[in-house]
Amino acid sequence: MLDIILIRNEPERVRQAMRDLNDEDALVRIDLILELDEKRRALLVDVERMRAEKNEASKRIGISRDPKEREVKIGEMKSLNARLDKLEGELREIEPHLNEEVLWIPNIPAEGVPVGADESANITVRQVGDLPQFDFEALPHWDIGPMLDIIDFERGAKLSGSRFYVLKGLGARLQRALITWMLDVHINQHGYTEIYPPFMVRSECMLGTGNLPKFGENLYHDHEEDFWWVPTAEVPVTNLHRDEIIDGELLPIYYVAYTPCFRREKMSAGRDVRGIKRGHQFDKVEMVKIVQGDPEVSERELLALLDNAEDICRQLGLPYRIVQMCTGDLSFVSAKKFDVEIWAAGSGEWLEVSSCSNFHDFQARRMNMRYRPEKGEKTRYPHTLNGSGLALPRVMIGILENYQQADGSVVIPEVLRPYMGEVEVIKAPEA
RNA sequence: GGAGCGGUAGCAUAGUCUGGCCUAAUGCGCGCGCCUGGAAAGCGCGUGAGCUGAUGAAGCUCCGUGGGUUCGAAUCCCACCCGCUCCGCCA
């Protein structure tokens with residue numbers, strides 16, 4: 001959520017940001033917000049004056065012993081109340097409306113983010129690691145998985161329909177090894193604290209991280225109760241400190257959590273239906289940071305977060321590249337964002353395995369999360385960040401496709417072997 | 001699911017029956033000062049969050065949430081949310 005004071009004081013700057021984001025809808029809303037804000041404040045002046053008068057009179061009625069005086073005063077209060085009720089009624093219309101409108105305004109891009117209309121203006125920042133070369137025809141994972149009897153697409157569809165699959169044997173174990181190993185790396189080597197959160201949350205949490213109100217159609221929710229299935233651990237983990245004032249000494253906070261993620265994928269209907277690249281349910285390890293509300297600090301933290309994600313690729317020996325999102329391709333809540341994409345040798349494409357974002361104070365404002373820098377100082381909004389570390393099915397794809405061998409087997413990266421009972425190779429079952 | 005109890009500013013509690021100096025008190029914690037060679041103890045002062053306004057003066061809002069009654073609600077009424085204890089059910 002943007003600071004209403006920023007919108008009020010620097011409307012042109014905010015408008016320009018909306019143009020850079022290519023968000024026509026938000027541009028229109030800015031004008032409406034300015035108008036509502038103006039009305040609200042004008043009303044507030046009158047309402048507060050009348051309330052003061054009312055408070056004063058009520059106090060006198062309470063003290064007064066003279067029944068006649070009381071009667072007169074009470075009569076006066078009734079007419080004041082009639083006028084006050086009318087103004088308060090108007091205020092009660094405007095305030096929720098204003099608050100709602102502000103929730104639909106996206107974050108402002110950070111300084112230096114390349115301006116561009118869509119993903120074609122994204123910038124590949126660097127590429128790390130050599131793409132594997134094979135002297136045989138590399139297969140995509142949707143062929144490798146069934147051949148090795150570790151991915152079962154038919155039965156996944158039988159159980160739950162398209163975009164579901166079943167992992168079996170060493171396939172299931174590889175996934176579990178990746179989860180545990182990634183968590184261990186972030187905990188032991190990168191200084192994160194592990195969190196195991198609920199996988200369903202209330203709508204306030206979804207509003208806090210910015211998934212609601214705009215992206216509700218991409219979420220699963222219970223039809224009887226106010227429960228939403230998390231689309232990423234970002235939601236419950238960032239909301240841990242919703243409505244809190246954090247002791248400044250505790251910052252920066254680094255959390256890491258494994259959760260399954262649930263997404264309707266309505267916005268990508270029909271795309272990427274093959275394989276395990278894009279499912280309604282997938283596993284992910286997610287890093288979340290809560291840091292000082294200072295753009296320089298959070299920028300530094302973003303680069304460190306990105307490096308933590310890259311480190312997973314490096315340790316797994318997967319070639320990857322870093323892509324910076326231009327303004328037109330930023331998510332609703334991001335001020336700045338880098339994607340980590342690994343190379344998938346079999347399907348021949350770059351796969352997004354992590355999205356590392358700096359949200360500045362956008363999410364903190366939405367969830368009313370503050371911190372106190374020093375004892376006795378005023379509260380401030382911290383900056384929040386997050387990044388996948390990493391998204392599992394796609395890392396599995398990377399391993400299966402890049403570590404495949406001529407005989408159809410797949411070599412397990414060394415770092416995972418202690419988590420796999422020292423299995424070194426996944427081989428096809430004997431015919 | 002049933003019964004009972006509860007939700008008050010960082011924490012712990014009072015206030016609710018009986019509406020009005022409660023525009024919310026007390027203790028702890030925290031901050032500053034006195035005292036001390038230094039510290040502890042003790043003593044004194046201060047200490048919730050937000051909004052309007054100009055970072056002024058002044059004022060307003062918030063006692064789980066939302067409604068209602070009333071000139072006036074932490075206090076009375078209604079609905080809902082959350083927590084605890086016991087019972088039932090259950091991995």
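Just so it is clear: chains get the letters A, B, ... in the order the sequence lines come, proteins before strands, and each one is counted from 1. Here the structure is a predicted model, which is why all the values come from computation and not from measurement.
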For [N], which nucleotide is its Watson-Crick or G-U wobble mate, given both distances must be under 3.5 Å?
N     : value
B:G42 : B:C34
B:C22 : none
B:A57 : none
B:U70 : none
B:U47 : B:G29

With rounding to whole Å, what would you report as the distance between [N] and [M] at their [atom1] atoms?
N     : M     : atom1 : answer
B:G53 : B:U61 : C1'   : 15 Å
B:C62 : B:C84 : P     : 29 Å
B:C30 : B:G6  : C1'   : 28 Å
B:G56 : B:G7  : P     : 36 Å
B:A79 : B:G4  : P     : 14 Å
B:U75 : B:A39 : C1'   : 47 Å
B:C80 : B:C86 : P     : 25 Å
B:A74 : B:C60 : P     : 14 Å

Worksheet item: Touch check for A:Arg60, heavy atoms < 4.0 angstrom, all strands: base, sugar-phosphate only, or nothing?
Response: nothing
Item to complete: Name the nucleic acid region contacted by A:Arg8, choosing base, sugar-phosphate or nothing; use a 4.0 angstrom heavy-atom cut-off, strictly under.
Response: sugar-phosphate
Atom pairs under 3.5 Å: protein N/O with N/O of nucleotides 28-31 of chain B:
none

Practice prompt. Any pair with a residue in residues 384-400 of chain A that passes salt bridge (Lys or Arg N to Asp or Glu O under 4.0 Å), sequence neighbours left out, goes on the list, sorted by first then second residue, please.
Written response: none
Worksheet item: Within less than 4.0 Å of OP1 or OP2 of B:G10, is there a side-chain N or O belonging to A:Arg372?
Response: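 For B:G10, neither OP1 nor OP2 has a side-chain N or O of A:Arg372 closer than 4.0 Å.
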Discussion item. Less than 4.0 angstrom between a side-chain N/O of A:Thr379 and OP1 or OP2 of B:A49, yes or no?
Written reply: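 No.
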Worksheet item: Are side-chain heavy atoms of A:Arg278 and A:Val273 found at a separation under 4.5 Å?
Response: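 No. Closest side-chain heavy atoms not under 4.5 Å.
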Worksheet item: Taking the side chain as C-beta and beyond, is there a heavy-atom pair between A:Leu167 and A:Ile150 under 4.5 Å?
Response: no
Item to complete: Taking only Lys NZ, Arg NE, NH1 and NH2, and the carboxylate oxygens of Asp or Glu, determine whether A:Lys284 and A:Glu286 approach each other closer than 4.0 Å.
Response: yes
Worksheet item: Is it true that A:Asp37 and A:Arg8 make a salt bridge, defined as a side-chain N closer than 4.0 Å to a carboxylate O?
Response: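 Result for this pair is yes, salt bridge flagged.
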Specify the separation, in whole Å, of atom [atom1] of [X] and atom [atom2] of [N].
X        : N     : atom1 : atom2 : result
A:Asp243 : B:A49 : CG    : C1'   : 11 Å
A:Ile94  : B:U52 : CD1   : C1'   : 15 Å
A:Glu95  : B:C51 : CD    : C1'   : 9 Å
A:Asn368 : B:G48 : CG    : P     : 18 Å
A:Leu36  : B:U52 : CG    : C1'   : 17 Å
A:Glu38  : B:U52 : CD    : C1'   : 13 Å
A:Arg370 : B:C51 : CZ    : C1'   : 13 Å
A:Glu249 : B:G10 : CD    : P     : 17 Å

Practice prompt. List in chain and number order the residues that pass side chain to side chain donor-acceptor pair (under 3.5 Å) with A:Thr180, two or more places apart in sequence or in another chain; answer none if no residue qualifies.
Written response: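 Scan of A:Thr180 (side chain to side chain donor-acceptor pair (under 3.5 Å), adjacent residues dropped) gives none.
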Item to complete: Name all residues meeting the salt bridge (Lys or Arg N to Asp or Glu O under 4.0 Å) criterion together with A:Asp46; count only those two or more places apart in sequence or in a different chain, and write none if there are none.
Response: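 A:Arg49.
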Discussion item. I'd like to check the salt bridge (Lys or Arg N to Asp or Glu O under 4.0 Å) partners of A:Asp226; sequence neighbours left out, ordered by chain and number.
Written reply: none
Fill in: Qualifying residues under side-chain contact (heavy atoms from CB on, under 4.5 Å), relative to A:His280, sequence neighbours excluded
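With sequence neighbours excluded, A:His280 shows a side-chain contact (heavy atoms from CB on, under 4.5 Å) to A:Arg163, A:Phe164, A:Tyr220, A:Glu265, given in chain and number order.
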Response to the item:
Residue set satisfying side-chain contact (heavy atoms from CB on, under 4.5 Å) with A:Glu111, at least two apart, ordered chain then number -> none
Worksheet entry | Position toward the 5' end of RNA chain B (nearest nucleotide), A:Lys59 or A:Ile4 |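 Taking each residue's closest nucleotide, the earlier one in sequence belongs to A:Lys59.
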Show which side-chain atoms of residues 383-393 of chain A pair as donor or acceptor with protein atoms under 3.5 Å away, not counting sequence neighbours.
from: A:His383; atom 1: ND1; to: A:Ser298; atom 2: OG; distance (Å): 2.8
from: A:Thr384; atom 1: OG1; to: A:Gln363; atom 2: OE1; distance (Å): 2.8
from: A:Asn386; atom 1: ND2; to: A:Glu234; atom 2: OE1; distance (Å): 3.2
from: A:Asn386; atom 1: ND2; to: A:Glu234; atom 2: OE2; distance (Å): 3.1
from: A:Ser388; atom 1: OG; to: A:Ser355; atom 2: N; distance (Å): 3.4

Discussion item. If we check side chain to side chain contact (heavy atoms under 4.5 Å, CB included) with A:Ile253, which of these qualifies: A:Val288, A:Ile290, A:Leu240, A:Thr193?
Written reply: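 It is A:Ile290; the other options fail the test.
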Polar atom pairs between nucleotides 59-68 of chain B and protein, under 3.5 Å, N or O only, would you list them?
from: B:G59; atom 1: N2; to: A:Glu48; atom 2: OE1; distance (Å): 3.0
from: B:G59; atom 1: N2; to: A:Glu48; atom 2: OE2; distance (Å): 3.3
from: B:C60; atom 1: OP1; to: A:Asn55; atom 2: ND2; distance (Å): 2.9
from: B:C60; atom 1: O2'; to: A:Arg51; atom 2: NH1; distance (Å): 3.0

Item to complete: Let me have a per-nucleotide readout for nucleotides 69-80 of chain B, 5' to 3', with B, S or -, counting only protein heavy atoms under 4.0 Å.
Response: --BS--------
Taking only distance into account, with no hydrogens and no angle test, what donor-acceptor pairs under 3.5 Å do side-chain atoms of residues 243-250 of chain A form with protein atoms, sequence neighbours excluded?
from: A:Asp243; atom 1: OD1; to: A:Asn368; atom 2: ND2; distance (Å): 3.1
from: A:Glu244; atom 1: OE1; to: A:His241; atom 2: ND1; distance (Å): 2.8
from: A:Asp247; atom 1: OD1; to: A:Glu249; atom 2: N; distance (Å): 3.1

Discussion item. Please list all pairs meeting side chain to side chain donor-acceptor pair (under 3.5 Å) that have one or both residues in residues 299-309 of chain A, counting only residues at least two apart or in different chains.
Written reply: A:Tyr192-A:Asn308, A:Tyr254-A:Glu301, A:Lys289-A:Glu301, A:Glu299-A:Lys336, A:Asp307-A:Arg314
